[in-house]
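Side-chain atoms are counted along with the backbone in the values below, which use heavy atoms only and exclude waters and symmetry mates.
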Amino acid sequence: MNEMFRIALILMRELFVTCVGKRIDWRRIVAAVAIMTVAGIFLPSAMFLHRPDVSYLPGSLGTDLNGTVDMAEFVNKSTTVHLSEDINKASHDQSNLHQVGSVASMNISTDFAQLTTEEEIPAVHENVPADSGHTVNVPEHEKEIMQSPPPPALRRQRRNLSPPFVSRPPPPITRRESNLQRYLWSLSPNDALLYAKKEIERAPVITNDPHLYAPLFRNVSVFKRSYELMEMMLKVYIYRDGRRPIFHHPQLRGIYASEGWFMKHLEASNQFVTKYPGKAHLFYLPYSARQLEMALYVPNSHNMRPLSIFLRNYVNLIASKYPFWNRTHGSDHFLVACHDWGPYTVNEHEELRRNTIKALCNADLSEGVFVAGRDVSLPETTIMNPRRPLRYVGGKRVSQRTVLAFYAGLMHGRVRPVLLQYWQDKDEDMKIYGPIPYRASGKMSYVEHMKSSKYCICPMGYEVNSPRIVEAIYYECVPVIIADNFVPPLSDVLDWSAFSVIVAEKDIPKLKEILIAIPTRQYMRMQTNVKMLQKHFLWHLRPIRYDLFHMILHSIWFSRLNQEQ
C-alpha cells in the first residue's frame with residue numbers, strides 16, 4: 001500500500017517539474033498519465049486479492065472401487081463447470097428445491113463397438129457434453145406468455161420491490177460438488193452403482209429434515225442419501241424404437257394414467273435422460289400397457305396372448321439391434337405398466353418376465369410375475385383433467401369426519417361382494433354401498449363422502465390394486481386395504497403401517513370391530529401422516545422434488561442398486 005502511494009507521489013512530482021518553469025514535454029505527460037491510469041485500475045485488485053478457500057473431496061473418495069486414486073491429481077485436472085450446469089441448477093432451485101447439477105463432460109466407454117447399425121446411436125466422442133442436446137418442449141401458448149411483456153401493474157410492482165424481496169439467485173455449484181460429480185462420471189456405470197450402494201450403507205443419520213417426514217419411511221436416512229445420489233448421478237437411456245400409439249404416447253387421463261404421466265415426465269427430463277447409452281445406469285422400454293390393450297386386444301375375445309407376442313417381438317428387435325439387452329439379459333432394463341394386464345404382457349419372453357425391473361400397479365405376489373424386492377409397486381392414480389391433476393386434493397378436519405368408514409363402487413372380484421354382504425345397510429357408522437345410491441349422492445358426492453370419513457375402504461376388484469388408495473390419500477382419509485397378496489405402492493421405502501390399515505380378506509366380518517379398536521390417538525397420528533404423505537403421491541404439470549414422478553423413479557433406481565453385488 002505505502003509503495004503504491006510512493007510511486008504515485010514520484011509521478012506527480014515528475015509531472016510538476018516538467019510542466020513548471022520548463023518546456024512542456026507532452027510525451028512524458030502522456031506516459032505518466034498512462035502509468036497512473038493502469039495503477040488506478042489494478043490497485044483495488046491488488047489490495048483485495050485473497051487466496052480462495054481450497055475445497056477437498058471427502059475421505060471416502062480417496063479410493064475408488066478398483067484401487068487407490070490420486071485425488072490431488074484428480075482435483076488439479078478438474079475444469080470449471082460449464083454454464084449449462086448453473087442454468088440446470090437454477091431451474092431446479094426456483095421452488096426452494098436443491099438438486100445437484102449435471103456434470104459438463106464425461107468420457108464415453110467403448111461399448112458401441114458391438115453395435116450392428118451406426119445410424120441408430122449418436123456418434124461417440126471424448127468429453128461429450130452431458131445431454132446438451134435435450135430440450136424441454138414448451139407449448140406455443142406458453143411461449144407467447146413467456147415472450148409477451150408483463151402488464152403495467154406488474155411492472156409497477158417490480159419497480160416498487162425493495163432489494164430484500166427480490167428473489168435471490170441460487171447458490172453456485174461448489175468445487176466439492178463438481179469434483180464429486182466428475183469423479184462419479186469417471187467411473188463405469190456398474191462401478192458408480194457400487195460406489196452409491198456403499199455410500200447408502202453408511203448414510204448419515206437424519207433427525208430433522210424439513211422436506212421429509214421421518215415417520216412415513218422405513219429408514220429416512222437411507223432414503224435421503226439414496227435420493228441425493230439418484231439426483232447426482234442417475235442416467236436413463238430411452239429406446240427410440242416403436243411407433244405410436246403404443247410407444248412414446250402417454251395417456252394422461254383415467255385410472256391408468258400413472259404410466260402415461262411417468263413416460264411424459266421422463267422423456268422430457270434433461271436431468272435424468274442421456275443420449276449416450278454407454279453411460280446409462282438404466283434402460284427404459286417406453287411402451288404403454290393401456291395403449292397396447294386398446295390397439296391390439298380384440299373385444300370379448302378374452303385372449304391377451306397377442307399383446308404378449310407383440311411385446312416379445314419388440315424386445316427381440318431391440319436385442320438384435322443394440323448390445324445392451326444381451327449384455328445383462330435385461331436386468332438393467334425397466335418398464336412401467338399400470339393397466340391390470342401389465343404383468344400378463346411379459347409372459348411370452350422369459351428374460352423380460354424374469355430379469356426386467358417391472359413397475360406395476362397390479363403388484364400381486366400370487367401371480368408369480370411380480371417379485372418383491374426387485375419389482376416396484378406403482379400407485380394407481382385417477383386423473384380426470386390432465387390440465388388440473390391436483391383438483392379436489394385436500395380434506396376436512398378430523399372433527400368434521402362424522403362417518404367411520406365409507407366405500408362405494410362397482411361389484412367385481414371376489415372381495416367386494418363379501419364386503420357388501422356383511423356391511424351394506426347394516427350399520428349407520430359404516431357407509432358401504434355398491435354404486436352410490438341416489439339417496440346418498442343427493443346429500444354428498446363421492447368425493448365429499450371420502451372427505452367426511454375417518455377410514456376409506458379400499459377393497460380389491462378384479463386385480464389387487466385400487467385407485468381408492470391414492471384417492472384416500474388425496475382426500476386425507478386413512479386407507480383400509482383389503483387385498484391379500486398385494487404389495488402396497490412404493491413399499492420399498494414407505495412404512496404403510498404408519499398411515500393405513502391392512503385387513504385380511506377373511507376378517508371382513510370383523511371390519512368395524514378392527515376399526516373401533518384403534519385408539520383415537522393412533523388414528524390422529526395416522527391421519528396426520530396421511531396429510532404429510534400426500535405430496536409424495538401428487539402429479540405436477542412440471543415435476544418437483546419428492547413428488548410421485550421422482551418417488552417412482554427412485555424406487556426403480558433403488559431396485560437397480562440392490563441388484564449390484
query: In terms of the angle between their ring planes, are Tyr284 and Phe262 parallel, tilted or perpendicular, with boundaries placed at 30° and 60°?
result: perpendicular
- prompt: At what distance, to the nearest 0.5 angstrom, does CH2 of Trp341 lie from CG of Leu307?
  reply: 7.0 Å
N-O pairing of Glu201 and Lys198 below 4.0 Å: no
- prompt: Going by the angle between their ring planes, with limits at 30° and 60°, are Phe223 and Tyr227 parallel, tilted or perpendicular?
  reply: tilted
- prompt: Is the distance between the ring centroids of Phe406 and Tyr446 under 6.0 Å?
  reply: yes
field: Close side-chain approach of Leu292 and Thr345, heavy atoms under 4.5 Å
entry: yes
- prompt: Any side-chain donor paired with an acceptor under 3.5 Å for His339 and Glu259?
  reply: no
statement: Rounding to 0.5 Å, atoms CD1 (Ile200) and CG (Leu561) come to a distance of 5.0 Å
Disulfide bond (SG atoms under 2.5 Å apart) partners of Cys456, counting only residues at least two apart: Cys477
field: Side-chain H-bond candidate by donor/acceptor type, Ser226 with His554, under 3.5 Å
entry: yes
NZ/NE/NH1/NH2 to OD/OE distance under 4.0 Å, Arg202 and Glu199: yes
task: Determine the interplanar angle of the Phe247 and Tyr314 rings, folded into 0 to 90°, and report it as parallel if under 30°, tilted if 30 to 60°, perpendicular if over 60°.
output: tilted
- request: Only counting residues at least two apart or in another chain, list the ones meeting salt bridge (Lys or Arg N to Asp or Glu O under 4.0 Å) with Arg468.
  value: none
- request: May I ask you to decide if His281's main-chain N or O and Arg560's side chain share a donor-acceptor pair within less than 3.5 Å?
  value: yes
Sequence neighbours excluded - ring pair (Phe, Tyr, Trp, His ring centres under 6.0 Å) pairs with any residue from residues 464-498: Trp496-Phe499
query: Does Trp423 reach the main-chain N or O of Ile508 with its side chain, forming a donor-acceptor pair under 3.5 Å?
result: yes
message: Counting neighbours of NZ on Lys510 that are heavy atoms of other residues, nucleotides or ligands and sit closer than 6.0 Å, is the number greater than 12?
response: no
- prompt: Which residue pairs pass the ring pair (Phe, Tyr, Trp, His ring centres under 6.0 Å) test with at least one member in residues 347-366, sequence neighbours excluded?
  reply: Trp325-His349
Ser366 versus Asp364, side-chain donor and acceptor atoms under 3.5 Å: yes
query: Should the pair Phe272 and His550 be assigned to parallel (<30°), tilted (30 to 60°) or perpendicular (>60°) ring geometry?
result: perpendicular
query: For Ser331, does its backbone N or O pair with a side-chain atom of Asn355 as donor and acceptor, under 3.5 Å?
result: no
query: Under 3.5 Å, side chain of Ser269 to main-chain N/O of Leu266, donor-acceptor pair present?
result: no
- request: Please report the shortest heavy-atom distance between Ser452 and Met444, naming the atom on each side.
  value: OG-SD, 3.7 Å
message: Just verifying a value: how many Å separate Ile556 CD1 and Asp375 CG, rounded to the nearest 0.5 Å?
response: 10.0 Å
field: Pairs involving residues 485-506, ordered by first then second residue, that meet salt bridge (Lys or Arg N to Asp or Glu O under 4.0 Å) (sequence neighbours left out)
entry: Arg414-Glu505
query: Counting only heavy atoms not in Gln522, do more than 12 fall under 6.0 Å of its CD?
result: yes
message: How about CE on Met384, more than 12 heavy atoms from neighbouring residues, nucleotides or ligands closer than 6.0 Å, or not?
response: no
message: Nearest 0.5 angstrom please: Cys338 SG to Ile255 CD1, how far?
response: 7.5 Å
task: Not counting sequence neighbours, list each pair that qualifies as a salt bridge (Lys or Arg N to Asp or Glu O under 4.0 Å) and has a residue in residues 390-409.
output: Lys396-Glu448
- request: Calculate, to the nearest 0.5 Å, the distance between atoms CZ and CZ belonging to Arg312 and Arg353 respectively.
  value: 14.5 Å
message: Quick check against the 3.5 Å criterion: does Thr356 have a side-chain atom that pairs as donor or acceptor with the backbone of Lys358?
response: no
- prompt: Just by distance, do the side chain of His333 and the backbone of Phe283 share a donor-acceptor pair under 3.5 Å?
  reply: no
task: Can you see which heavy atom on Ser221 is nearest to which on Ala203, and at what distance?
output: O-CB, 3.7 Å
